[in-house]
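Let me begin by presenting the structure, written as structure tokens, before commenting on it.
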There are 6 protein chains.
Amino acid sequence: MYFSELNSQDVHEQIHKTSIAILPIGAIEAHGAHLPLGTDNYLAEALAKRIVEKIPAWILPTVSYGQTWSLQDFPGSFHIPPQVLEEYLLAIVSSAAKNNFKLFVFINAHLGNHESIKQVQRKILALHPECRTLNLFYPDANKFSSQVLEQSRGHGNFFHADELETSYMLHLCPKHVAMEKAINENIEFPEDIDYRPVLWSEFSKTAVMGNATLATEEKGKFILDPVIQNMISIINKQIKDLSNKENK
Amino acid sequence: MYFSELNSQDVHEQIHKTSIAILPIGAIEAHGAHLPLGTDNYLAEALAKRIVEKIPAWILPTVSYGQTWSLQDFPGSFHIPPQVLEEYLLAIVSSAAKNNFKLFVFINAHLGNHESIKQVQRKILALHPECRTLNLFYPDANKFSSQVLEQSRGHGNFFHADELETSYMLHLCPKHVAMEKAINENIEFPEDIDYRPVLWSEFSKTAVMGNATLATEEKGKFILDPVIQNMISIINKQIKDLSNKENK
Amino acid sequence: MYFSELNSQDVHEQIHKTSIAILPIGAIEAHGAHLPLGTDNYLAEALAKRIVEKIPAWILPTVSYGQTWSLQDFPGSFHIPPQVLEEYLLAIVSSAAKNNFKLFVFINAHLGNHESIKQVQRKILALHPECRTLNLFYPDANKFSSQVLEQSRGHGNFFHADELETSYMLHLCPKHVAMEKAINENIEFPEDIDYRPVLWSEFSKTAVMGNATLATEEKGKFILDPVIQNMISIINKQIKDLSNKENK
Amino acid sequence: MYFSELNSQDVHEQIHKTSIAILPIGAIEAHGAHLPLGTDNYLAEALAKRIVEKIPAWILPTVSYGQTWSLQDFPGSFHIPPQVLEEYLLAIVSSAAKNNFKLFVFINAHLGNHESIKQVQRKILALHPECRTLNLFYPDANKFSSQVLEQSRGHGNFFHADELETSYMLHLCPKHVAMEKAINENIEFPEDIDYRPVLWSEFSKTAVMGNATLATEEKGKFILDPVIQNMISIINKQIKDLSNKENK
Amino acid sequence: MYFSELNSQDVHEQIHKTSIAILPIGAIEAHGAHLPLGTDNYLAEALAKRIVEKIPAWILPTVSYGQTWSLQDFPGSFHIPPQVLEEYLLAIVSSAAKNNFKLFVFINAHLGNHESIKQVQRKILALHPECRTLNLFYPDANKFSSQVLEQSRGHGNFFHADELETSYMLHLCPKHVAMEKAINENIEFPEDIDYRPVLWSEFSKTAVMGNATLATEEKGKFILDPVIQNMISIINKQIKDLSNKENK
Amino acid sequence: MYFSELNSQDVHEQIHKTSIAILPIGAIEAHGAHLPLGTDNYLAEALAKRIVEKIPAWILPTVSYGQTWSLQDFPGSFHIPPQVLEEYLLAIVSSAAKNNFKLFVFINAHLGNHESIKQVQRKILALHPECRTLNLFYPDANKFSSQVLEQSRGHGNFFHADELETSYMLHLCPKHVAMEKAINENIEFPEDIDYRPVLWSEFSKTAVMGNATLATEEKGKFILDPVIQNMISIINKQIKDLSNKENK
């Protein structure tokens with residue numbers, strides 16, 4: 001169900017039946033030596049694929065370049081300033097709304113994109129109130145990861161190329177993981193990282209935020225199965241709301 | 001040689017050896033019933049792949065949403081305003097330059113992106129003069145297409161879902177072509193199309209600009225083989241220039 | 001130690017001794033019937049005052065209008081779009097940097113301003129790397145509020161005119177609280193509030209997010225005493241770093 | 001009658017009775033050694049207070065940072081570029097209009113803000129024609145100051161920390177004046193100051209534009225009493241017009 | 001001495017000898033029935049011509065479209081928003097600076113352009129400090145017009161298609177004046193015109209701001225002869241300053 | 001029929017009869033030693049004049065500064081960035097539309113302006129669909145120039161100060177041509193000029209792109225007579241369309 005593979009006539013005929021668009025969005029960003037630069041895109045795409053197995057929706061082409069301010073000076077990172085990313089995404093969702101999509105779902109696998117997406121959602125609400133948007137970044141993953149991760153994360157909000165994200169990759173995109181290169185980087189987040197602007201090169205040499213060697217496919221599955229189920233439930237709730245609204 | 005598959009350490013070690021980045025760029029745009037919405041992206045990606053068979057370069061993730069003003073009201077088209085596209089591309093090339101890429105090649109398969117790319121090239125020349133850029137849109141295709149196309153194109157600059165582009169797809173991405181849905185749309189371009197702003201829905205119902213049924217894989221190959229060879233030569237010339245410069 | 005009360009000659013003479021600027025920032029926003037529209041500004045100003053009792057710094061005039069998208073349609077709310085707020089703050093911090101301030105501290109009492117401040121911090125790091133910035137929004141308050149609040153908060157990130165914020169006001173600005181008007185609004189946050197853009201008028205009539213009648217001055221003090229101590233420690237650490245740097 | 005002290009419910013109930021907003025606006029700017037950096041804000045606030053003694057209106061929180069290009073390189077000056085100030089003020093007045101204010105009065109005590117306010121007024125006229133705006137900068141003060149000032153001003157449009165402004169301060173905010181530090185700076189405005197861009201540091205060392213020692217509280221009162229009366233009359237005329245319009 | 005008539009080689013050879021650029025700037029704006037829409041441009045061009053009779057300078061092509069907010073709804077007026085005008089002028093002066101002009105003189109005959117020019121001057125001072133700019137709008141005309149005009153102007157700052165401007169035209173561009181259509185429009189400026197945004201159509205039907213029938217060529221000459229002499233002196237002073245600077 | 005010479009009353013009365021606006025637009029740009037900097041403006045103005053001999057239309061004042069990126073570093077060139085030019089032109093056409101012009105014709109004599117004009121046309125179609133626009137740059141000149149030029153042009157799209165443009169000038173503005181300074185510059189366009197950003201100073205010393213000595217008035221007339229006839233036909237077709245639409 002890739003939108004790219006459809007043709008214009010299909011869209012014309014089917015948009016009323018399946019008016020849900022799913023946009024995978026990630027980043028090109030350093031993830032150490034054991035995970036590729038495209039990690040966040042691979043994850044977003046794999047999640048999207050899992051979702052459309054259960055929900056009739058079209059997957060739009062991935063937005064592959066995201067906001068990577070914090071890791072911008074690691075080799076291989078590409079950074080899109082948040083305002084630029086916001087404008088680009090706004091044009092995409094506006095086009096989707098003009099194409100009569102009633103629900104637009106961001107499957108975001110890169111935290112750095114969060115605020116740009118949120119701003120786009122607010123603007124779309126004003127510009128196209130008939131088009132709902134969802135911004136899904138591993139909803140409720142913390143609830144499950146806390147049960148299974150061996151290493152406590154160094155920082156509540158961040159995870160990057162560590163036990164958690166590597167487990168995600170082992171579960172969803174194993175062929176892109178080189179576990180033999182996984183390392184345990186002893187990270188000490190600056191205690192004031194939440195208060196001042198910190199480039200991660202200040203406290204990390206590899207962009208691996210912890211002990212990646214602890215990652216396993218099982219942990220990834222343990223966390224992602226319910227997370228994906230959450231995503232599906234959140235989307236289904238919107239579909240139900242939309243359907244109720246139409247029937248009124 | 002996909003950049004997404006590399007890891008940060010690879011980039012750090014190899015950027016000096018292979019410092020050529022290739023960016024496929026296309027659009028999501030109506031292409032009739034026989035070609036998919038992602039046609040221009042598929043073509044750009046296929047061309048990029050053919051190029052890296054001969055040139056040591058890294059293919060960046062595709063920029064899949066482009067400027068489609070003219071076809072914006074056909075079902076399935078997504079439109080990025082040119083200024084927005086320009087800013088997004090500028091951020092990408094700037095990041096490439098900071099990553100020490102010395103040559104950045106746009107493989108563009110959608111004419112509507114041309115001006116945004118051109119503006120980006122000019123700005124990069126000022127911002128990162130050490131990073132060369134190339135903007136390749138089927139270089140010199142006219143020379144070869146005029147020898148083999150049966151239908152003369154309705155308009156010198158435009159081709160879209162017609163004998164030419166369908167032949168390209170039959171050669172490069174045959175699995176995405178549904179020739180049984182190909183039609184012969186009798187297009188009459190408004191005679192003043194070069195002088196006033198014309199939405200193509202004004203003169204076409206299907207976005208097929210001519211007789212797509214005439215397309216063959218052979219025609220695609222006949223035209224694209226030398227076009228791809230041209231691309232390679234143009235890139236090689238830059239590599240040689242860069243190498244001369246370094247040796248001085 | 002209000003900067004507004006100083007004169008130009010003082011600044012010239014003393015900037016090298018006391019080069020810390022403190023900017024209170026809040027919002028004009030509906031806070032129910034028992035708290036005033038200026039609640040966030042009063043809180044920011046009171047916190048700033050407590051800080052300069054311990055740290056030699058100058059308090060800049062309050063930025064009183066903030067980003068209030070979520071509550072913009074409650075009577076009395078004034079909304080500054082985040083991009084506009086960012087530009088205004090950037091000009092202020094740039095001016096501070098040109099005035100040789102070496103440390104610029106945002107005392108933010110309104111969550112809606114957080115992202116704009118964060119973007120400003122990142123831009124200042126590039127433009128004026130010699131000027132450090134801090135973004136302090138009740139650091140680590142959760143640790144203490146969880147010990148003393150009777151009502152669990154409806155949503156992890158938000159608190160607004162509820163037991164918590166009213167307790168803050170009772171402790172810091174009691175004359176601005178009308179406890180006789182405090183109510184217990186039974187709030188049910190939409191379960192998808194983290195995923196789609198939600199105007200709070202959708203689920204609240206008063207902008208009171210919970211049971212404000214539970215608020216007491218003691219709870220406010222219990223939480224804010226260590227929070228303010230945190231602020232002071234965070235600032236002192238920067239001062240020490242700066243001093244170390246200078247002595248090298 | 002400070003808007004910050006009101007609560008949301010008050011606004012809801014009273015906005016129809018008292019729909020006049022008053023915004024004091026000034027700057028943080030060098031004013032010599034005898035007047036503080038916040039001089040223009042103190043003046044704007046004091047004027048606003050005098051006005052609401054006679055007119056039922058709400059005073060909004062002061063916008064304390066203004067456009068100070070000319071004095072930007074004196075210690076203590078903070079400069080907001082005019083375009084940035086304009087956007088910030090536009091957001092404030094737009095919010096006021098959405099809150100059903102029918103009359104929005106800028107009490108401006110800093111000439112450098114004049115153009116930004118004027119542009120905002122023009123934009124609001126187009127965006128919210130139902131909301132009137134007034135831009136009051138010491139209306140008709142020249143008529144009265146010419147009768148009482150001993151030193152003729154060096155330049156028709158400018159006054160700064162001189163006999164005039166110091167007298168204003170002595171009358172409205174005497175506790176912020178340190179007359180013992182007042183000086184007589186012999187200023188020679190460049191004869192071409194009206195034609196080319198001149199930073200005032202080019203011709204002044206202290207930012208005192210004349211003989212501040214001549215200032216007296218009486219002069220301040222002599223000028224400001226009728227100026228404030230003017231402000232009140234101008235506002236009352238708008239109220240009358242609005243009332244006439246409503247009664248039609 | 002029109003810059004348009006020079007060729008590139010001339011510029012190359014002579015720019016060091018005559019490095020003064022003069023830019024006439026006006027507007028397309030309603031001026032009643034007796035004066036043409038291009039009045040301000042004709043005046044600016046005529047003034048420029050008079051200046052280069054005495055000063056070796058090059059006249060650049062006129063910027064013919066200006067900021068006409070106040071008269072925008074009279075037939076024939078073209079309005080350029082001030083920010084847009086500013087950007088356009090900034091590009092022109094930047095180009096002049098890159099061409100090694102050392103002095104750039106705006107000969108402005110339309111008050112509405114004043115602020116945009118002023119902002120450009122400030123920006124050029126920062127970007128190209130080696131290039132001086134002058135903004136000349138009938139310098140000191142008031143001194144002379146007050147001696148000869150029969151009708152006192154309704155408003156201190158404004159004159160438009162009235163005795164004064166018509167006299168200017170009779171002196172400088174008589175062939176563009178149709179005195180037989182000149183009228184005496186009895187204008188009453190709104191008393192609050194300085195405080196709120198007023199479109200002039202609110203108080204005028206013809207855009208003639210007074211008694212144009214009183215205009216004579218003699219009055220025009222009486223005022224403009226010394227005004228032009230002022231312009232020349234102001235320019236000469238800059239030339240002298242530049243020459244002193246170079247000789248150091 | 002110069003719009004500048006009309007008065008406001010004329011416009012009011014006649015706009016319904018003659019609602020066609022013609023805007024000459026060119027550039028200030030180096031054109032060798034034999035052609036002046038204003039060449040493109042002179043040509044645009046002369047073409048406009050020829051058109052209004054046959055069509056009842058008003059010629060607006062020339063926009064004299066254009067986008068000259070490629071030749072920006074030749075002495076005498078003035079460059080307006082494309083985005084800035086676009087905004088300026090957009091304001092002009094918007095004003096024309098508000099003045100009830102139904103057809104707006106750009107007579108462009110400088111290729112570098114083409115894209116900005118095209119973007120303006122697209123925006124006007126959305127903002128003022130009732131106002132048609134035309135973008136005329138020597139329509140179909142190639143058809144005729146190929147018959148008469150002796151030197152084949154070095155590059156399909158470009159002509160500049162060469163046999164062709166000099167012949168245009170000899171025919172339309174002979175007094176501005178200094179044939180005795182015409183040269184034959186042997187230009188070799190870089191073979192990759194279509195693919196990378198090339199400043200023309202890289203391959204030319206004079207900005208003369210070929211053999212200007214071959215130019216004759218006859219060649220100019222041979223090409224321009226039918227080109228001008230084309231322009232008139234294109235305009236007349238729009239007039240007819242508009243008239244048909246009105247009669248419906």
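These figures come from a predicted structure and were not determined experimentally. Any value given below was found using the heavy atoms of this structure, including those in side chains, with hydrogens, waters and symmetry copies removed. In what follows, every chain begins at residue 1, and chains take the letters A, B, ... in the order their sequences are listed.
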>> Taking 4.5 Å as the heavy-atom cut-off, does anything in residues 19-31 of chain D contact chain C, and if so which residues?
In response: D:Leu23, D:Ile28, D:Ala30, D:His31
> Among D:Ser94, D:Ala178, D:Ala96, which residue forms the greatest number of heavy-atom pairs with chain C at distances under 4.5 Å?
Replying inline: D:Ala96
Is the backbone N or O of [Y] less than 3.5 Å from a side-chain atom of [X], with the two atoms forming a donor-acceptor pair by type?
X	Y	value
D:Asn99	C:Gly76	yes
D:Tyr65	C:Leu89	no
C:Asn7	D:Pro36	no
C:Ser8	D:Gly32	no

>> Given heavy-atom pairs under 4.5 angstrom as the criterion, report whether the side chain, backbone, both or neither of C:His176 touches chain D.
In response: side chain
> Is it the backbone or the side chain of C:Tyr42 that comes under 4.5 Å from a heavy atom of chain D, or both, or neither?
Replying inline: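 Contact with chain D: side chain only.
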> Got a sec, which pairs hit side-chain hydrogen bond (donor to acceptor under 3.5 Å, both in side chains) with one end in residues 75-93 of chain D, sequence neighbours left out?
Replying inline: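 Every side-chain hydrogen bond (donor to acceptor under 3.5 Å, both in side chains) pair that includes a residue of residues 75-93 of chain D, provided the two are not neighbours, is D:Glu86-D:Lys123.
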>> Quick check on D:Asn100 against chain C: is it the side chain, the backbone, both or neither that has a heavy atom closer than 4.5 Å?
In response: neither
> Using a cut-off of under 4.5 Å for heavy-atom pairs, which of C:Ala91, C:Ala33, C:Ser64, C:Gly38 has the most such pairs with chain D?
Replying inline: C:Ala33
>> Under a 4.5 Å cutoff for heavy-atom pairs, which residue among C:Leu60, C:Leu90, C:Thr68 has the most contacts with chain D?
In response: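 So the answer, after comparing C:Leu60, C:Leu90, C:Thr68, is C:Leu60.
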>> For the CD atom on D:Glu180, are there more than 12 heavy atoms of other groups (residues, nucleotides or ligands in this structure) within a distance under 6.0 Å?
In response: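 Count over threshold, so yes.
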Pairwise distance [atom1]([X]) to [atom2]([Y]) - rounded to 0.5 angstrom:
X	Y	atom1	atom2	answer
D:Thr206	C:His12	OG1	NE2	12.5 Å
D:His34	C:Gln9	NE2	CD	11.5 Å
D:Phe3	C:Leu37	CZ	CG	5.0 Å

